[in-house]
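Along the sequence shown, residues are numbered consecutively beginning with 1.
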Amino acid sequence: MGQINLYRIDNKKRDEFLDNLYKKFEFLGEQSYSYGIENKEECVVTTYANKAQSRKVPEWKWVLDEYDYEIPEGSIAVRAVLVIEIKEITYAVTYGMAFFAVDKYCDTQFAFDFARRINFKQIKTTTLTTPNSKRNKTVNVYLNYNNIFYDSGEAYAKIKAKIDIDENGKIREEMIEIGHSIKTRVSTNNIRGILNFIQYVEKILRQEEIQKIPLFYKVNNQREIEELDNRLSEKIEDNIDCINISELDIIGVTEVFNHNDTSFTVKYGRKNRDIQQLTKENILQFITDNELDLKSTFLDIKVVSNKDGDPVCTDTMKRLIDYTDDEKKCLLLKGEWYYYNDDYIDYLKDSIEELDVIYKPEYDFGKAKLKEYQNKQYELEKDFLEYNGLSSTQIKKEIEKKYYAENAFNHYIADMYGFAIYDRELEQIKGEKIELMDLYKDKTMFAVKIGKSSAKLSYVVDQSISALKMYKHNQLKDMPEINKVAIWIILKRKIHLPERNGQPDLSILKMITLKNRLDEWKKEVRILGYSPIIYLNYWND
């Protein structure tokens with residue numbers, strides 16, 4: 001039996017895919033085969049292997065130098081690709097590390113379209129993606145499990161399981177891996193065995209779906225893609241933290257960790273730099289040092305991934321980041337834009353509607369109350385020693401800096417309604433500063449944020465989770481007892497949210513990123529043994 005890794009090539013990328021193979025691989029030969037139920041069709045199988053090249057010296061060569069060991073000239077791992085053309089469909093089978101050269105040209109829906117139509121006997125592992133979550137991708141391992149299961153906000157990136165494969169009327173049990181490709185073992189280790197398996201796959205694809213597997217659906221309209229790219233470039237220029245560089249990626253069906261035995265070379269034009277970690281900070285430093293324009297260049301910067309010193313693939317930054325456009329309900333994954341499908345939006349809506357949301361009008365805040373509070377503090381503090389020698393105008397500016405919007409809100413709420421204030425009380429944990437919480441009352445810890453966008457408001461979710469974990473593990477000093485964890489959002493929105501069951505309906509907000517974070521936060525809080533709750537108020541201009 002032989003192992004294969006089967007891709008279907010996206011028809012729109014077929015010519016580019018073949019051009020890339022001609023450039024980077026050596027053409028070995030082409031053969032014709034009969035194909036189909038009655039072997040009346042013809043298919044063409046073309047074989048490519050990597051061109052001979054000198055091996056790049058690995059970073060860890062110093063280990064070998066200790067023993068005067070010389071790496072043999074030209075020694076490099078062999079890679080090969082079979083291209084199988086059947087009518088208008090192009091398949092590719094990869095061997096060795098060749099999947100890096102094929103994955104970006106594949107039909108990303110192909111393998112999961114197959115998976116929706118087969119029965120899984122025993123699921124071994126799954127990898128799920130939860131965009132804009134702290135756990136962007138999660139790998140689950142099972143002992144005895146055969147059902148497709150998912151939480152709100154999750155979509156599948158990989159499934160590894162046992163299935164029954166029917167080839168020419170013979171049933172055999174086989175392990176199969178589903179990702180951008182289908183990886184399994186075929187009955188005979190030759191071209192005919194591969195063609196028989198493709199014939200089986202095509203038969204399954206003609207059958208009805210027997211299960212739902214949440215995924216994302218590709219945006220194909222070129223004008224929409226250009227608009228989404230432009231919107232993303234503007235967001236990156238405004239705040240690069242709107243994007244995420246995932247630690248874990250799925251290339252075909254292989255988990256690739258960005259920082260595991262990998263180094264990188266970043267390039268733009270003739271400028272290049274070697275880096276050990278692919279981070280936003282390192283990319284920004286490259287842009288700054290080479291006087292590049294962040295908005296116009298970021299997505300097009302090339303990144304060469306090196307494994308053990310050998311370059312294995314080249315991508316643009318656009319393919320290496322994750323991003324959600326809340327307004328357009330679209331997600332960028334591996335350089336492609338996808339729509340969040342209705343199932344995904346419905347799962348997220350149900351999750352948010354489950355949360356308790358409290359609105360008390362007296363807690364609303366805004367410019368008028370902010371100015372009133374700052375003026376009050378000016379009268380109380382203007383004679384403090386720290387302001388000696390300053391004019392009244394200078395003192396007012398210092399007061400405004402000290403009591404900025406969120407700080408003023410926290411102090412105002414504490415003064416007026418009996419909350420204890422913890423704003424800006426930072427705890428040192430192993431050299432890192434942790435913001436404990438903003439407010440406390442009735443055994444509830446509050447994290448407060450004012451804003452109108454997902455990028456701005458999502459920060460408070462991360463703050464709440466980090467502080468709660470420190471609290472749970474007794475790593476914070478002198479903290480009061482809590483049984484509830486609250487996120488307090490002061491929403492910059494003129495029109496109040498409609499109510500549902502007597503409370504504001506957060507689910508109607510066009511903030512997919514924030515809703516994903518709240519969904520994860522809710523689960524984390526409950527796992528740690530507390531009750532999650534949302535306080536919502538409005539900022540009045």
**Student:** Give a yes or no answer on whether the side chain of R116 reaches the backbone of E209 with a donor-acceptor pair at less than 3.5 Å.
**Tutor:** no

**Student:** What distance separates Y35 OH from I84 CD1, expressed to the nearest 0.5 Å?
**Tutor:** 9.0 Å

**Student:** From F298 CZ over to I236 CD1, what is the distance, rounded to the nearest 0.5 angstrom?
**Tutor:** 5.0 Å

**Student:** Which residue in the set V83, V93, L82 passes side chain to side chain contact (heavy atoms under 4.5 Å, CB included) when paired with T47?
**Tutor:** L82

**Student:** Between S454 (side chain only) and L514 (backbone N and O only), is there a donor and an acceptor less than 3.5 Å apart?
**Tutor:**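 Yes; at least one donor-acceptor contact below 3.5 Å.
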
**Student:** Would you call R192 and S34 a side-chain contact if the rule is heavy atoms closer than 4.5 Å?
**Tutor:** yes

**Student:** Dump the intermediate steps for side chain to side chain contact (heavy atoms under 4.5 Å, CB included) on F114 and L205, then the final yes or no.
**Tutor:** CA-CA 6 Å; F114 171 80; L205 289 172; 4.0 Å; yes

**Student:** Inspect the contact between R526 and E354 and indicate whether a charged nitrogen and a carboxylate oxygen are less than 4.0 angstrom apart.
**Tutor:** yes

**Student:** Return yes when atom NZ of K280 has more than 12 non-hydrogen atoms of other residues, nucleotides or ligands closer than 6.0 Å, and no otherwise.
**Tutor:** yes

**Student:** Counting C-beta onward and ignoring hydrogens, is there a side-chain heavy-atom pair between F110 and D10 closer than 4.5 Å?
**Tutor:**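 When only atoms from C-beta onward are counted, D10 and F110 do not touch, as no gap falls below 4.5 Å.
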
**Student:** For L292, is there any backbone N or O sitting under 3.5 Å from a side-chain donor or acceptor partner on N290?
**Tutor:**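 It does not hold such a pair.
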
**Student:** I would like to know whether Y339 and L331 meet side chain to side chain contact (heavy atoms under 4.5 Å, CB included); could you show each step before the answer?
**Tutor:** CA-CA 6 Å; Y339 298 110; L331 167 73; over 6 Å; no

**Student:** Do side-chain atoms of N282 reach the backbone of Q277 as a donor and acceptor pair under 3.5 angstrom?
**Tutor:**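 Looks like yes, one N/O pair under 3.5 Å.
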
**Student:** Using every non-hydrogen atom in the two residues, find where G451 and K456 come nearest and quote the distance to one decimal.
**Tutor:**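 The answer is CA-CG, 4.0 Å.
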
**Student:** Is any side-chain heavy atom of L299 closer than 4.5 Å to one of I321?
**Tutor:** yes

**Student:** Look up atom NZ in K302 and atom OH in Y268, then write down how far apart they are to the nearest 0.5 Å.
**Tutor:** 10.5 Å

**Student:** Any non-hydrogen side-chain atom of L457 less than 4.5 Å from a side-chain atom of M511?
**Tutor:** yes

**Student:** To the nearest 0.5 Å, what is the distance between CD1 (I163) and CD1 (I204)?
**Tutor:**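 Nearest 0.5 Å value for the CD1-CD1 distance: 7.5 Å.
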
**Student:** For a 4.5 angstrom cut-off between non-hydrogen side-chain atoms, does N196 reach V186?
**Tutor:**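 A side-chain contact is absent here, since even the closest heavy-atom pair is not under 4.5 Å.
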
**Student:** Judged by atom type as modelled, is there a donor-acceptor pair below 3.5 Å linking the side chain of S233 to the main-chain atoms of D229?
**Tutor:** yes

**Student:** Taking all atoms of both residues into account, what is the closest heavy-atom pair of A111 and G179, and its distance?
**Tutor:**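 Here A111 and G179 meet closest at CB-O, 3.3 Å.
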
**Student:** Go through I287 and I301 one step at a time and tell me if the side chain to side chain contact (heavy atoms under 4.5 Å, CB included) criterion holds.
**Tutor:** CA-CA 9 Å; I287 290 172; I301 288 173; 3.7 Å; yes

**Student:** Are D19 and K23 within salt-bridge range, i.e. N to O under 4.0 Å?
**Tutor:** no

**Student:** Working to the nearest 0.5 Å, report the span between CD of E174 and CG of D164.
**Tutor:**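 Taking CD in E174 and CG in D164, the distance rounds to 10.5 Å.
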
**Student:** Does some side-chain heavy atom of F264 sit less than 4.5 Å from a side-chain heavy atom of L320?
**Tutor:** no

**Student:** Please find the pair of heavy atoms, one from I245 and one from L278, that lie closest to each other, and give the distance.
**Tutor:** CG2-O, 3.8 Å

**Student:** Is any side-chain heavy atom of E85 less than 4.5 Å from a side-chain heavy atom of R14?
**Tutor:**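 The answer is yes; the side chains approach within 4.5 Å.
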
**Student:** Stepwise, does the side chain to side chain contact (heavy atoms under 4.5 Å, CB included) test hold for E353 with D505?
**Tutor:** CA-CA 7 Å; E353 286 180 350; D505 187 2; 4.2 Å; yes

**Student:** Below 30° counts as parallel, above 60° as perpendicular, anything between as tilted: where do the rings of F17 and Y105 land?
**Tutor:** tilted

**Student:** Answer yes or no: does atom NZ of K235 have more than 12 heavy-atom neighbours from other residues, nucleotides or ligands under 6.0 Å?
**Tutor:**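 Counting neighbours around NZ of K235, 12 or fewer heavy atoms of other residues, nucleotides or ligands fall under 6.0 Å, so no.
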
**Student:** Between N272 and T265, is a side chain to side chain donor-acceptor pair (under 3.5 Å) present by the stated rule, with each step listed?
**Tutor:** CA-CA 7 Å; N272 63 82; T265 304; over 6 Å; no

**Student:** Are the charged groups of K104 and E16 less than 4.0 angstrom apart, N to O?
**Tutor:**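 Salt bridge flag = no for E16 with K104.
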
**Student:** Spell out, as yes or no, whether a donor-acceptor pair under 3.5 Å connects the side chain of K515 to the backbone of L509.
**Tutor:**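 Judged by distance alone, yes, a pair lies under 3.5 Å.
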
**Student:** Between CD1 of I240 and CD1 of I283, what distance do you get to the nearest 0.5 Å?
**Tutor:**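 Between I240 CD1 and I283 CD1, I get 8.0 Å after rounding to 0.5 Å.
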
**Student:** Please confirm whether the ring centroid of F25 lies under 6.0 Å from the ring centroid of Y48.
**Tutor:** no

**Student:** For K522 and S351, indicate whether the former's side chain and the latter's backbone hold a donor-acceptor pair under 3.5 Å.
**Tutor:**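 Indeed, once roles are kept as given, a pair shorter than 3.5 Å links the two residues.
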
**Student:** Hey, does the side chain of N50 reach the backbone of R79 with a donor-acceptor pair shorter than 3.5 angstrom?
**Tutor:** yes

**Student:** Is any side-chain heavy atom of F99 closer than 4.5 Å to a side-chain heavy atom of H180?
**Tutor:** no

**Student:** If every non-hydrogen atom of K158 is compared with every non-hydrogen atom of F112, which pair is closest and at what distance?
**Tutor:**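 Looking at all heavy atoms of both residues, the shortest contact is N-CZ, 3.8 Å.
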
**Student:** Please check this pair: side chain of N230 against backbone of E226, looking for a donor-acceptor N/O pair closer than 3.5 Å.
**Tutor:**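 Pair found, side chain donor or acceptor close to backbone of E226.
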
**Student:** Taking all heavy atoms of A80 and all of A98, pick out the closest pair and write down the distance.
**Tutor:** O-CB, 3.3 Å

**Student:** Evaluate the criterion side chain to side chain donor-acceptor pair (under 3.5 Å) for residue pair Q31 and Y33; output intermediate values, then yes/no.
**Tutor:** CA-CA 7 Å; Q31 295 174 290; Y33 288 84; 3.3 Å; yes

**Student:** Please find the pair of heavy atoms, one from F286 and one from K271, that lie closest to each other, and give the distance.
**Tutor:**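 So the minimum-distance heavy-atom pair works out to CZ-O, 3.8 Å.
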
**Student:** For the pair R517 (side chain) and T513 (backbone), establish whether a donor and an acceptor sit closer than 3.5 Å, ignoring hydrogens and angles.
**Tutor:**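 The answer is no, because no donor-acceptor pair under 3.5 Å joins these two groups.
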
**Student:** What do you reckon, is CD of Q222 surrounded by more than 12 foreign heavy atoms closer than 6.0 Å?
**Tutor:** yes

